[in-house]
Amino acid sequence: MDLKLDHHNEDRLTIVEVEGEIDVYTAPRLRELLIDLVNKGNFHLLVNMEKVDFLDSTGLGVLVGGLKRVRAHDGSLELVCTQERILKIFRITGLTKVFGIYASVDEAKEAHGKDK
Amino acid sequence: MATVELTFSALPAHVRTARLVATAIARRTGVEESLLDEVRLAVGEACSRAVEAHRVHCPGEPIRIELRDDSGRFEVTVSDQAPSDEIKQEQPLDLGMLSDSFMSGFGIAVIAGLADDVEVFPSPKGMRIRMSWPAVANGRTG
């Protein structure tokens, strides 16, 4: 399966919907989207990964790159993910300590609201 | 089951094909369903690393992947021809140091976390990553 990307804004949050496989072939498209969003002033990103079938270290690199970009603007990049096979790669690499990972978009929005 | 060998050009688009082939043969060899995601990810990581290395050093050379049933284990060897003398060492996490070059070392860390048994052989003539998982003896005959 290829990669489908979409995004929309809700209050201060930009929700990025990702569907399909994030690997060495498709990750550059996600990187371009995150860079474009930051360049347009969207500094609080929530990446919904509930429909992601596959994620490798190239995809992790893109997410880390996005996090570095938003943090340069005092922003945030958080994730929605409950799939064990995706969460496993975050645990193996220790990136669960770097990203806020939520069980749903609503949970992330609530947590984000408290941080305002 | 006989050894299956696959060579592919160092193009990112082919990594998915290599993942799919490896997963299909792992299933046929008798690797448990619960381990197939690990096989898919580890083989993908090894092939992605090889593709990136070839794109820097030798884009015209092919990458080779061998898959075999070895005495009740499913064994995968990914070989590239890009010079590699060292493996990046594990370091404590700090966002500032997570540069692209550091992230490229994550691939092997991920493989080590996924495969039941891993050996990495770096050399000036290329890197060979051998990994294996338990499989049902003699695989599936159907």
Side-chain angles (χ1 to χ4, degrees), chain A residues 1-4 20-32 34-35 45 49 52-79 81-101, chain B residues 8-20 22-23 33-56 63 78 88 90-115 118 129:
Chain A
M1 186 181 193
D2 204 355
L3 182 68
K4 289 183 186 172
E21 299 185 340
I22 310 174
D23 68 0
V24 67
Y25 180 54
T26 61
R29 286 178 47 212
L30 178 59
R31 180 187 291 119
E32 285 169 20
L34 296 180
I35 290 172
L45 308 179
M49 305 185 67
V52 171
D53 299 318
F54 181 85
L55 173 74
D56 70 6
S57 61
T58 319
L60 288 179
V62 168
L63 293 172
V64 168
L67 182 60
K68 288 169 74 174
R69 285 177 187 277
V70 293
R71 287 217 177 144
H73 299 276
D74 293 324
S76 62
L77 189 155
E78 293 170 325
L79 310 172
C81 183
T82 59
Q83 298 186 73
E84 184 52 35
R85 63 179 171 183
I86 304 295
L87 290 171
K88 188 171 188 172
I89 188 169
F90 284 96
R91 277 200 290 271
I92 288 171
T93 53
L95 288 173
T96 46
K97 296 170 189 167
V98 173
F99 289 102
I101 301 178
Chain B
F8 61 94
S9 314
L11 296 173
H14 295 329
V15 172
R16 181 172 188 264
T17 305
R19 282 202 308 266
L20 293 174
T23 308
E33 285 290 319
S34 61
L35 293 176
L36 292 179
D37 273 337
E38 298 185 5
V39 171
R40 184 166 73 133
L41 183 51
V43 171
E45 291 290 353
C47 292
S48 297
R49 198 212 62 79
V51 166
E52 294 293 353
H54 272 225
R55 290 172 82 185
V56 172
I63 291 155
V78 177
K88 290 183 176 65
E90 227 174 83
Q91 296 171 50
L93 268 181
D94 176 82
L95 186 62
M97 72 179 196
L98 291 179
S99 63
D100 286 349
S101 61
F102 180 82
M103 290 302 294
S104 71
F106 262 35
I108 289 173
V110 170
I111 293 167
L114 289 171
V118 184
I129 300 176

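Numbers restart at 1 for each chain; the letters A, B, ... are given by sequence-line order, proteins then strands.
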Side chain to side chain, [X] and [Y], heavy atoms closer than 4.5 Å:
{"X": "B:Leu41", "Y": "A:Lys88", "answer": "no"}
{"X": "B:Arg19", "Y": "A:Phe54", "answer": "yes"}
{"X": "A:Thr58", "Y": "B:Arg49", "answer": "no"}

(message) Is it the case that over 12 heavy atoms from other parts of the model lie below 6.0 angstrom from the CZ atom of A:Phe90?
(response)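 Above 12, so yes.
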
(message) Taking atom CZ as the centre, does A:Arg29 end up with more than 12 heavy-atom neighbours from other residues, nucleotides or ligands that are less than 6.0 angstrom away?
(response) yes

(message) The criterion is salt bridge (Lys or Arg N to Asp or Glu O under 4.0 Å); which residues satisfy it with A:Asp56, sequence neighbours excluded?
(response) none

(request) For A:Arg85 and B:Glu38, run salt bridge (Lys or Arg N to Asp or Glu O under 4.0 Å): C-alpha distance rounded to whole Å, both residues' side-chain angles, the deciding distance at 0.1 Å, then the answer. (result) CA-CA 8 Å; A:Arg85 63 179 171 183; B:Glu38 298 185 5; over 6 Å; no

(message) Quick check: closest heavy atoms across A:Ser57 and B:Val110, and the distance to 0.1 Å?
(response) CB-CG2, 4.5 Å

(request) Kindly give the heavy-atom pair with the smallest separation between B:Arg16 and A:Asp23, and that separation in Å. (result)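 Heavy atoms of B:Arg16 and A:Asp23 come nearest at CB-OD2, 4.2 Å.
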
